[in-house]
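No hydrogens, no waters, no symmetry mates; every other heavy atom, side chains included, goes into these values. In this text the structure is predicted, and so the values were computed from the model without any measurement. For ligands, and for the atoms within them, numbers begin at 1 and follow the listed sequence.
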Amino acid sequence: MGEVDAAFIQDIEHRPQLLVVEAEGIPVIDLSVLNSFQEGDDPRGLAGLVAEIGDACKDWGFFQVINHGVPSDLRLRVETVAKKFFALPLEEKYKVRRDEENPLGYYDTEHTKNVRDWKEVFDFMLEDPTVIPASHKPDDQQLNELRNQWPDYLPEFRGACEEYARGVEKLAFQLLELISLSLGLPGKRLNGFFKDQTSFVRLNHYPPCPSPELALGVGRHKDAGALTVLAQDDVGGLDVKHKTDGEWVRVKPIPDSYIINVGDIIQVWSNDTYESAEHRVRVNRERERFSIPFFFNPSHYVTVKPLEELVIMQNKSPKYEEYNWGKFFTTRKLSNFKKLEVENIQIYHFKKDI
Ligand code: OGA
Ligand code: NI
């Protein structure tokens with residue numbers, strides 16, 4: 001990518017502050033007890049881990065996991081093919097470019113209007129096809145099938161991506177169960193929402209940036225789905241906003257670990273017991289950076305609302321109006337692509353005045 005021109009310059013809100021606290025980071029949680037835990041074992045054996053996860057979700061909405069059981073060769077393979085793919089000439093990458101019909105595949109921000117992030121991306125869904133609403137309009141019931149696009153000039157790409165996605169999906173379900181337990185719910189309480197999941201994986205490439213103080217790899221945002229499982233390389237650049245003091249804190253790369261963050265849906269399900277944290281990515285003058293988030297999302301027909309039994313347990317009233325996940329997802333995809341007249345929808349639009 002070339003100079004940082006006007007299209008990439010982030011407004012004051014988005015501009016990196018120079019001060020980033022590095023001293024204390026997000027919690028690091030060791031998942032090795034899961035390796036000896038069998039289906040049907042008494043979940044009380046996980047009490048220590050569940051408490052750690054609960055505290056991390058409350059204090060940060062973010063944590064890193066080690067000894068997570070995802071085979072490291074799956075990760076190595078997908079990282080290798082991602083690097084190969086992004087190193088191809090633009091015209092090759094454009095053969096799997098996303099367009100108005102298909103939001104999946106490759107896009108680069110340099111040639112995409114209205115996107116200020118300093119990055120290029122490849123997206124694929126876990127389920128192929130994935131069904132989502134065709135339009136954001138509430139009364140339009142039409143559905144649409146999203147299909148992945150794969151580059152045929154890199155034959156090992158597809159297999160590496162699909163196997164990686166299945167490996168990380170398993171970790172995502174384990175974390176979902178731990179989070180459910182940490183809320184005082186049965187372990188499998190949330191699993192049913194993911195039967196026809198709309199989860200996807202994004203390969204991110206952040207090229208070196210000549211003026212890193214003017215641009216961001218990804219501007220500040222919260223993840224809209226349930227949970228994100230992110231692999232980052234050793235370059236670093238992900239900052240998380242710490243809820244209690246508002247400081248941006250750099251997430252220190254730990255080899256072969258995953259960064260987990262609670263998304264907006266868990267915030268709503270938990271009725272604000274857990275909050276999805278703001279985060280952003282800073283870019284680097286010298287080094288390119290690669291990262292791979294897995295966005296764990298429910299089925300399009302799921303109605304997202306505070307879980308009734310939890311609201312009763314908390315002795316509170318629900319803090320959100322219910323919303324349909326598919327419509328939310330489609331609205332986001334459309335507004336990202338064209339910045340249509342569609343507003344960039346946020347969960348606070350569903351917050352009740354109480
Ligand atoms: C994202 C994101 C972080 C990273 O894509 O939503 O927050 O480190 N990415 O790339
Ligand atoms: Ni994010």
Side-chain angles (χ1 to χ4, degrees), residues 10 14 16 20 22 25-26 57 60-65 75 78-79 82-83 86 98 103-109 112 115-126 164-165 168 172 198-209 212 215-243 248-267 274-284 287-297 328-329 332-333 335-337 344-347:
Q10 306 262 356
H14 290 78
V20 174
E22 306 221 20
I26 61 172
C57 289
W60 288 87
F62 255 91
F63 51 98
Q64 303 209 62
V65 294
R75 173 152 168 186
V78 77
E79 285 172 347
K83 281 181 193 162
F86 288 121
R98 77 174 186 183
L104 304 174
Y106 173 80
Y107 71 94
D108 66 323
T109 53
T112 308
V115 184
R116 294 176 302 174
D117 298 342
W118 190 266
K119 66 176 181 184
E120 53 179 344
V121 163
F122 182 91
D123 284 344
F124 65 95
M125 307 299 293
L126 215 70
Y164 175 77
V168 179
T198 56
S199 305
F200 68 103
V201 173
R202 172 166 287 171
L203 311 179
N204 281 316
H205 176 221
Y206 303 98
C209 178
L216 283 168
V218 186
R220 57 195 280 178
H221 69 283
K222 298 177 175 197
D223 293 348
L227 204 62
T228 305
V229 179
L230 173 86
Q232 72 164 338
D233 66 12
D234 63 343
V235 175
L238 173 62
D239 293 338
V240 174
K241 195 163 191 182
H242 193 194
K243 205 170 80 180
W248 286 104
V249 179
R250 178 61 49 89
V251 179
K252 204 170 127 220
I254 301 176
D256 201 34
S257 67
Y258 288 93
I259 299 159
I260 314 300
N261 63 292
V262 164
D264 289 340
I265 292 179
I266 286 187
Q267 176 167 336
Y274 300 156
E275 282 175 40
S276 68
E278 258 191 319
H279 53 286
R280 67 180 185 192
V281 176
R282 294 190 59 183
V283 278
N284 189 301
R287 294 184 68 189
E288 59 181 347
R289 175 174 181 267
F290 296 88
S291 75
I292 311 178
F294 169 95
F295 297 105
F296 194 33
N297 295 336
F328 192 102
F329 186 75
R332 275 283 179 94
K333 284 257 175 257
S335 71
N336 283 351
F337 188 72
N344 200 354
I345 191 169
Q346 302 283 352
I347 51 165

Partner of D239 under side chain to side chain donor-acceptor pair (under 3.5 Å), picked from H279, R282, R280, is R280
Side chain to side chain donor-acceptor pair (under 3.5 Å) with S276: of N261, T228, D223, D264, only one passes, and it is D264
Per residue D223, nearest N, O or S atom to the Ni ion (ligand 2) is named OD1
Any heavy atom of Q232 sitting closer than 4.0 Å to ligand 1?
no
Provide the number and element of each atom of ligand 1 under 4.0 Å from a heavy atom of [X].
| X | answer |
| --- | --- |
| V281 | 3 (C), 4 (C), 8 (O), 10 (O) |
| L230 | 4 (C), 8 (O) |
| H279 | 7 (O) |
| D223 | 6 (O) |
| N204 | 5 (O), 10 (O) |
| F295 | 1 (C), 5 (O), 6 (O) |

Note to self: Check this for me - ligand 1, R202, N or O atoms closer than 3.5 angstrom, yes or no?
What the structure shows: no
Give yes if a backbone or side-chain nitrogen or oxygen of Y206 is under 3.5 Å from a nitrogen or oxygen of ligand 1, and no if not. yes
For L238 and F62 the tightest heavy-atom approach is CD2-CE2, 4.4 Å
Would a distance-only check, ignoring hydrogens and angles, find a side-chain to backbone donor-acceptor pair under 3.5 Å from R287 to G236? no
- Task: Please work out whether the ring planes of W60 and H242 are parallel, tilted or perpendicular, with thresholds of 30° and 60°.
- Result: parallel
### Task
Side-chain contact test, heavy atoms from C-beta onward, threshold under 4.5 Å: evaluate it for R220 versus W248 and give yes or no.
yes
Q: State, with a plain yes or no, whether a side-chain heavy atom of I26 is found less than 4.5 Å away from one of Q64.
A: yes
The closest protein heavy-atom partner of atom 8 (O) of ligand 1 is R289 NH2, 2.9 Å
Closest to atom 1 (C) of ligand 1 (heavy atoms only, candidates R282, R280, H221) is H221
Checking F86, Y107, W118 against H205 for ring pair (Phe, Tyr, Trp, His ring centres under 6.0 Å), the one that qualifies is F86
